[in-house]
Visitor: 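Got a structure for you, questions after.
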Amino acid sequence: MSVKINYLKKKANKSKGNIVLFADEKFNIKNPKEYLSNSEFSYISDLLKTSDLKKNIFVFEVSSKKKIILISIKKGLKNFNIENLGADFYGRINYGKNSEYFINADSVIGKNNNFIGYFLHGLKLKSYEFNKYKSKKKTRVISINIFGNKNKTSIQNQLKFKALEEGTFYARDLVSEPGNILHPDEYAKRLSALKKDGLKINVYDERKLKKMGMNSLLGVGMGSIRGSYLVTMEWNGLKNNSKPLAFVGKGVTFDTGGYSLKPARFMEDMTYDMAGSAAVVGLMKNLAFRKAKINAVGVVGLVENMVSGDAQRPGDIVKSYSGKTIEVLNTDAEGRLVLADALTFTEKKFKPKFIIDLATLTGAIIVSLGSEYAGLFSNDDKLSKQILEAGEKVEEKLWRMPLHKNYDKLINSKNADMQNINYVGGAGSTTAAQFLQRFILNKTPWAHLDIAGMAFSKYGGALNSGGATGFGVRLLNKLIEENYE
């Protein structure tokens with residue numbers, strides 16, 4: 001299934017094709033008889049008299065070959081409401097044999113001059129599906145034809161929406177790949193190919209990482225026959241030496257839990273334990289695609305957490321890139337070990353304005369917030385406010401959680417500088433974030449986004465049909481657009 005968007009220079013013939021018209025809250029249409037025959041208008045008017053006008057969309061089948069779709073524009077719609085409306089519309093047309101629709105842009109009611117852009121963006125995001133490994137693929141193409149002049153999406157805005165879709169879809173593709181395909185070796189190879197998009201890519205393999213002293217990250221991948229990597233992606237859109245914005249992602253391509261083995265039930269979902277890294281990759285691809293006027297760097301740690309005779313044991317002590325030692329009491333608390341080295345490296349090498357890391361880090365955040373909010377932990381109030389506001393605008397919501405020095409005693413170790421879990425119990429997400437904070441050495445503004453409940457959806461959401469969501473790409477793009485570009 002694919003969606004093709006066409007911008008028409010002339011009006012559609014009112015006697016042919018499926019027509020989509022926008023209406024006000026009571027489903028009044030601007031100049032309806034310009035697009036509808038007298039009989040069609042009469043038929044629709046009669047049905048509306050006995051219908052529940054609280055609905056957003058009505059689909060009228062006036063013949064076996066023609067539908068008339070009315071979409072109500074309620075007052076006070078925000079941009080994400082418009083995107084959701086586009087997604088709802090896609091849900092209503094994603095079946096049957098009809099595959100061509102004509103949208104009248106001139107029927108849009110309200111002052112949002114980019115209504116059609118947001119509407120189509122929501123439609124495209126909802127249309128994503130991952131069918132790469134199905135032997136029989138759906139070949140149906142839905143054509144969306146836009147006519148009218150008053151609400152045309154500018155070429156510049158079309159590019160921005162396209163870039164976001166490319167970045168989000170790429171992130172979803174990465175998360176959707178099975179672990180036998182997207183292991184760290186393959187992941188690093190795919191990231192190297194992003195050079196063609198204008199990103200500067202550096203891949204640090206195990207030999208380099210050992211020389212650098214990244215033993216915290218390397219320890220996680222010891223049980224796998226695959227390599228472990230740190231990959232950096234740089235976008236220099238300002239062509240100057242200004243400090244970049246830094247984004248760091250956890251890329252555990254499959255997580256068995258190591259010797260602290262996970263239960264078999266739902267372990268298959270651990271292919272998405274690299275969703276934090278996928279969001280960072282999708283963001284960087286988006287920035288390059290739209291040639292963002294910003295300097296940014298993405299850093300991802302790529303490992304596979306497996307069980308073997310070479311695997312890390314509970315009780316092992318490793319020395320991190322920062323020089324701090326960690327007692328690994330639970331090998332399933334591995335994401336923080338990957339991020340620990342990646343965070344210190346990013347701060348030391350790039351000296352960024354801020355660092356934001358994303359990770360499917362803890363099950364505890366799902367207990368706290370479910371699948372409605374990601375957890376936000378930060379050492380900086382200004383950065384936190386900017387992230388929260390960006391999340392509200394694209395409906396990728398976050399809730400700020402506490403950090404406090406009193407939590408440190410829960411991760412202090414008798415045998416090393418710290419331990420990787422809190423054995424006392426409780427505050428699982430906070431102690432994980434408190435652990436990460438110890439690897440920000442120079443007081444760089446930092447935020448940690450625990451996206452464990454948001455990266456993957458069993459049942460689908462407003463802008464996705466189930467599976468990988470790409471959470472974080474649109475959020476961080478909005479943060480950059482609103483505050484740093």
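One-based numbering along the sequence shown.
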Visitor: Taking Gln312's backbone N and O only, do any of them form a donor-acceptor pair with Thr331's side chain (distance below 3.5 Å, no angle check)?
Guide: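 Not confirmed, Thr331 side chain does not pair with Gln312 backbone.
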
Visitor: Dump the intermediate steps for ring pair (Phe, Tyr, Trp, His ring centres under 6.0 Å) on Phe354 and Tyr484, then the final yes or no.
Guide: CA-CA 11 Å; Phe354 65 64; Tyr484 298 95; 5.2 Å; yes

Visitor: Name the orientation class of the two ring planes belonging to Phe119 and Phe115 (parallel below 30°, tilted from 30 to 60°, perpendicular beyond 60°).
Guide: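 Answer is parallel, since the angle falls under 30°.
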
Visitor: What's the spacing between Leu120 CG and Ile103 CD1 if we round to 0.5 Å?
Guide: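 Spacing of CG (Leu120) from CD1 (Ile103) equals 5.5 Å.
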
Visitor: For Asn241, does the CG atom have more than 12 heavy-atom neighbours from other residues, nucleotides or ligands under 6.0 Å away?
Guide: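 Not buried by this count: 12 neighbours or fewer within 6.0 Å.
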
Visitor: Is it the case that over 12 heavy atoms from other parts of the model lie below 6.0 angstrom from the NZ atom of Lys382?
Guide: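 At most 12 heavy atoms, drawn from other residues, nucleotides or ligands, come within 6.0 Å of this atom.
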
Visitor: If you count the non-hydrogen atoms of other residues, nucleotides and ligands that lie under 6.0 Å from NZ in Lys319, is the total more than 12?
Guide: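 No.
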
Visitor: Between Glu395 and Asn84, does the side chain to side chain donor-acceptor pair (under 3.5 Å) criterion hold? Intermediate values first, please.
Guide: CA-CA 10 Å; Glu395 208 177 19; Asn84 292 346; 3.0 Å; yes

Visitor: Is the closest side-chain donor-acceptor distance between Ser378 and Ser384 under 3.5 Å?
Guide: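 Their side chains do contain a donor-acceptor pair, which is all the 3.5 Å distance test asks for.
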
Visitor: Is there side-chain contact between Leu238 and Lys293, with heavy atoms separated by less than 4.5 Å?
Guide: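 With C-beta onward as the side chain, the pair touches.
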
Visitor: What is the distance from atom CZ of Arg190 to atom CD1 of Ile201, rounded to the nearest 0.5 Å?
Guide: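 Separation between the atoms: 14.5 Å.
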
Visitor: Closest heavy-atom contact between Thr271 and Gly179?
Guide: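 Result for this residue pair: CG2-N, 3.6 Å.
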
Visitor: Mark yes or no for whether Ser224, through its side chain, and Met306, through its backbone, hold a donor-acceptor pair below 3.5 Å.
Guide: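 Checked: no pair found.
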
Visitor: For the residue pair Ile356 and Leu479, what are the closest heavy atoms and their distance?
Guide: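 The pair with the smallest heavy-atom distance is CD1-CD2, 3.5 Å.
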
Visitor: Heavy-atom distance under 4.5 Å between the side chains of Phe130 and Glu177, does that happen here?
Guide: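 They are in contact (side-chain heavy atoms under 4.5 Å apart), so the answer is yes.
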
Visitor: Is a donor from one side chain sitting under 3.5 angstrom from an acceptor on the other, for Ser277 and Tyr187?
Guide: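 Looking only at side-chain atoms, Tyr187 and Ser277 do form a donor-acceptor pair, the distance falling under 3.5 Å.
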
Visitor: So, applying side-chain hydrogen bond (donor to acceptor under 3.5 Å, both in side chains) with Trp446, which one of Asn379, Asp380, Asp357 is it?
Guide: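 Running side-chain hydrogen bond (donor to acceptor under 3.5 Å, both in side chains) over Asn379, Asp380, Asp357 with Trp446 returns exactly one hit, Asp357.
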
Visitor: Measure across Asp185 and Gly227 and return the closest heavy-atom pair with its distance rounded to 0.1 Å.
Guide: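 Between these two residues, the closest heavy atoms are OD1-N, 3.0 Å.
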
Visitor: Taking the side chain from Ser429 and the backbone from Ile365, do they hold a donor-acceptor pair closer than 3.5 Å?
Guide: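 Judged by distance alone, yes, a pair lies under 3.5 Å.
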
Visitor: Can you name the nearest heavy-atom pair linking Ala171 to Val473, along with the distance?
Guide: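 Heavy atoms of Ala171 and Val473 come nearest at CB-CG2, 4.0 Å.
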
Visitor: What pair of heavy atoms forms the shortest contact from Phe435 to Met418, and how long is it?
Guide: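 Scanning both residues completely, I find the closest heavy atoms to be CE1-SD, 3.5 Å.
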
Visitor: Going by the side chain to side chain contact (heavy atoms under 4.5 Å, CB included) test, name the single residue among Asn305, Val307, Asn330 that passes it with Ser260.
Guide: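 When Asn305, Val307, Asn330 are each tested with Ser260, the side chain to side chain contact (heavy atoms under 4.5 Å, CB included) holds only for Asn330.
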
Visitor: Counting only heavy atoms from other residues, nucleotides and ligands, does the tally under 6.0 Å from NZ of Lys196 exceed 12?
Guide: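 Yes, enclosed.
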
Visitor: Checking side chain to side chain contact (heavy atoms under 4.5 Å, CB included) against Phe350, which of Leu245, Asn295, Val299 comes through?
Guide: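 For Phe350, the side chain to side chain contact (heavy atoms under 4.5 Å, CB included) test succeeds with only one of Leu245, Asn295, Val299, which is Val299.
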
Visitor: Report the C-alpha distance between Tyr118 and Phe161 in whole Å, list the side-chain angles of each, state the deciding distance to 0.1 Å, and finish with yes or no for ring pair (Phe, Tyr, Trp, His ring centres under 6.0 Å).
Guide: CA-CA 8 Å; Tyr118 286 107; Phe161 287 126; 5.1 Å; yes

Visitor: Test your reading of the model: is there a side-chain donor-acceptor pair from Asn145 to the backbone of Asn6, 3.5 Å cut-off?
Guide: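 No; judged by distance alone, with no hydrogens or angles, the pair does not exist.
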
Visitor: Have Asn464 and Arg172 got a donor and an acceptor in their side chains that come within less than 3.5 Å?
Guide: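 Not at all, the side chains of Asn464 and Arg172 share no donor-acceptor pair under 3.5 Å.
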
Visitor: Is a side-chain N or O of Trp235 found less than 3.5 angstrom from the main chain of Ala292, in a donor-acceptor match?
Guide: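 Pair found, side chain donor or acceptor close to backbone of Ala292.
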
Visitor: Check whether Lys324 reaches the backbone of Arg438 with its side chain - one donor and one acceptor, N or O, closer than 3.5 Å.
Guide: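 Checked: pair present.
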
Visitor: Between Lys478 and Glu396, is there a salt bridge with N-O shorter than 4.0 Å?
Guide: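 Salt bridge: no.
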
Visitor: Regarding Asp310 and Ser308, do their side chains bring together a donor and an acceptor under 3.5 Å, going by distance alone?
Guide: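 Note: Asp310 and Ser308 side chains miss the donor-acceptor criterion.
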
Visitor: Output the distance between atom CG (Leu302) and atom CG (Leu191), rounded to the nearest 0.5 Å.
Guide: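 Those atoms lie 6.0 Å apart.
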
Visitor: Between the side chains of Asn79 and Asn114, is a donor N or O closer than 3.5 angstrom to an acceptor N or O?
Guide: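 Judged by distance alone, the side chains do not pair up.
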
Visitor: For Lys208, does the NZ atom sit with more than 12 other heavy atoms under 6.0 Å from it, leaving out its own atoms?
Guide: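 Counting other residues, nucleotides and ligands, NZ of Lys208 exceeds 12 neighbours.
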
Visitor: Considering all heavy atoms of both residues, which atom of Pro184 and which atom of Thr253 are nearest to each other, and what is their separation?
Guide: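 Reported closest heavy-atom pair: CD-OG1, 3.2 Å.
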
Visitor: Regarding Asn422 and Gln434, is there a side-chain donor-to-acceptor distance under 3.5 Å anywhere?
Guide: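 Asn422 vs Gln434: no donor-acceptor pair found between side chains.
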
Visitor: Within 45 degrees of the ring normal and closer than 6.0 Å to the centroid, is that where the cationic atom of Lys285 sits relative to Tyr170?
Guide: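 Yes - Lys285 lies over the ring of Tyr170, closer than 6.0 Å to its centre and within 45° of its axis.
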
Visitor: Considering only distance and modelled atom types, tabulate donor-acceptor pairs under 3.5 Å from the side chains of residues 333-340, sequence neighbours left out.
Guide:
residue : atom : partner : partner atom : Å
Glu334  : OE2  : Lys250  : NZ           : 3.2
Arg336  : NH1  : Asn420  : O            : 2.8

Visitor: Run the side chain to side chain donor-acceptor pair (under 3.5 Å) test against Gln158 and tell me which residues pass, sequence neighbours left out.
Guide: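 For Gln158 there are no side chain to side chain donor-acceptor pair (under 3.5 Å) partners, ignoring immediate neighbours.
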
